[in-house]
Amino acid sequence: MIKGTTKIIGIFGYPVEHTKSPAMHNAAFEHLGLDYCYVPFSVKPEGLKAAVDGIRAFGLAGVNITVPHKETVLPFLDKLSEEASFIGAVNTVKNENGILTGYNTDGIGFMRSLEEKGVQAKGKKVLILGAGGAARAVGYALCKESFECHIYNRTVEKGIALCGHLAKAGGKVRMADNDSINDKVFLSEMDILINTTSVGLAESDAPLLKTSLLAPGQIVCDLIYKQTSFLKEASKAGCVTMNGLGMLLWQGAAAFEIWTAAKAPVEIMRKALEKNLLG
Ligand code: ATR
């Protein structure tokens with residue numbers, strides 16, 4: 001029920017039509033009886049500055065920021081959290097009396113979805129495929145928790161740059177090349193393998209590495225929401241697999257807590273997300 005007092009949270013993206021976040025957050029607001037409403041805004045890149053000014057003008061309580069604005073939004077905000085500043089990307093904005101603070105809850109979202117699988121951090125070796133914004137967020141969170149990260153990227157220079165950057169977070173970070181990601185000994189040493197690239201979005205996409213070299217007990221993650229060929233093949237090899245839905249849920253829970261200061265009703269949000277995906 002929208003009232004004169006209802007606080008508005010939005011999501012800025014382009015395209016934004018596919019977003020699952022309104023279903024997840026509105027279910028949570030309703031469950032807790034909070035006077036908030038979450039709505040999508042289709043914001044073209046050339047309209048981003050005006051849209052951010054609109055957060056102040058309309059007095060929105062906050063927004064999520066999604067593709068393609070996560071990095072380009074930074075100059076328009078007043079303050080950044082430590083994570084957002086290090087990662088160089090924002091997925092959550094809170095408006096406090098016209099002062100806009102940018103946060104990044106993607107990394108914490110990934111860590112919480114890993115915790116759900118019962119993974120303990122210390123000393124774990126991780127192979128991250130990709131070196132884009134998602135890899136930066138996940139890599140930063142892993143490095144902060146003392147994981148040992150190996151980065152593979154198609155464009156080697158970008159991979160090297162990410163290694164150097166993550167090392168500043170205190171992490172043990174190394175580059176992995178084409179040979180290593182198809183080497184049985186190297187792969188067998190990895191406790192967790194994470195695809196952060198867009199490879200797998202199309203049904204016809206082959207996984208970036210030889211999944212026949214994976215072994216039972218390894219944890220294989222894909223940040224894509226569906227069961228990609230990487231996950232399907234890893235599952236056949238006996239690995240524990242995790243798609244991107246857990247990260248979507250837990251980044252949303254963390255954002256919800258930033259906006260409302262209430263504890264996120266995670267199971268309600270999970271159900272809403274699953275129902276929305278089926279529908
Ligand atoms: P995001 O913010 O989702 O991480 P991004 O910053 O555009 O998106 O990064 C996309 C990542 O997927 C990059 O690591 C990219 O590799 P390059 O740096 O070489 O471009 C990777 N990627 C995309 N398509 C790929 C493909 N066909 N094969 C291998 N890597 C690919």
Side-chain angles (χ1 to χ4, degrees), residues 11-16 18-21 43 45 48 64-74 80 83-93 102-111 113 126-143 149-166 169 173-182 187 192-211 220-226 228-231 233-234 242-252 255:
I11 177 165
F12 292 175
Y14 191 77
V16 80
H18 63 280
T19 180
K20 312 293 175 207
S21 294
V43 176
L48 182 61
N64 274 139
I65 305 286
T66 189
V67 178
H69 306 310
K70 284 186 176 188
E71 294 166 22
T72 47
V73 75
L74 262 71
L80 294 176
E83 283 85 0
S85 169
F86 189 92
I87 297 162
V90 160
N91 76 330
T92 301
V93 175
Y103 299 84
N104 191 308
T105 67
D106 286 333
I108 187 79
F110 179 76
M111 296 308 286
S113 65
V126 186
L127 172 63
I128 299 176
L129 303 170
R136 283 208 304 280
V138 165
Y140 175 68
L142 289 167
C143 283
C149 292
H150 297 254
I151 313 276
Y152 165 82
N153 198 49
R154 176 180 60 180
T155 309
V156 175
E157 306 79 64
K158 265 178 75 183
I160 293 172
L162 179 59
C163 282
H165 191 55
L166 290 180
V173 197
R174 302 208 174 86
M175 235 357 233
D177 61 15
N178 255 318
D179 290 339
S180 44
I181 67 158
N182 287 296
L187 284 183
I192 305 168
L193 301 95
I194 311 163
N195 177 43
T196 72
T197 75
S198 47
V199 177
L201 271 176
E203 289 296 327
S204 55
D205 284 348
L208 286 172
L209 54 78
K210 261 194 214 145
T211 50
V220 176
C221 313
D222 205 316
L223 302 193
I224 296 171
Y225 303 155
K226 60 180 185 179
T228 56
S229 58
F230 185 40
L231 293 184
E233 291 178 22
M242 185 174 102
N243 68 24
L245 267 186
M247 177 171 164
L248 175 65
L249 169 69
W250 287 101
Q251 66 74 31

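Counting convention: from 1, in listed order, for ligands and their atoms alike. By convention here, the first residue in the shown sequence is residue 1.
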Apply the side chain to side chain contact (heavy atoms under 4.5 Å, CB included) test between Tyr152 and each candidate in Ile128, Leu209, Asn178; give the one that qualifies. Asn178
Can you list, by chain and residue number, every protein residue with a non-hydrogen atom closer than 4.0 Å to ligand 1? Gly130, Ala131, Gly132, Gly133, Ala134, Asn153, Arg154, Thr155, Lys158, Thr197, Ser198, Val199, Leu208
Could you pull out all residues at least two apart from Asp177 that satisfy side chain to side chain donor-acceptor pair (under 3.5 Å)? Ser180
Looking at Lys70, His69, Glu83, Gln251, which one forms a side chain to side chain donor-acceptor pair (under 3.5 Å) with Asn91? Gln251
Thr197 pairs by side chain to side chain contact (heavy atoms under 4.5 Å, CB included) with which of Leu201, Ile194, Asn195? Asn195
Identify the heavy atoms of Asn153 and Gly130 that sit nearest to each other, and give their distance. OD1-CA, 3.3 Å
Worked check of side-chain hydrogen bond (donor to acceptor under 3.5 Å, both in side chains) between Asn64 and Ser21: CA-CA 9 Å; Asn64 274 139; Ser21 294; 4.5 Å; no
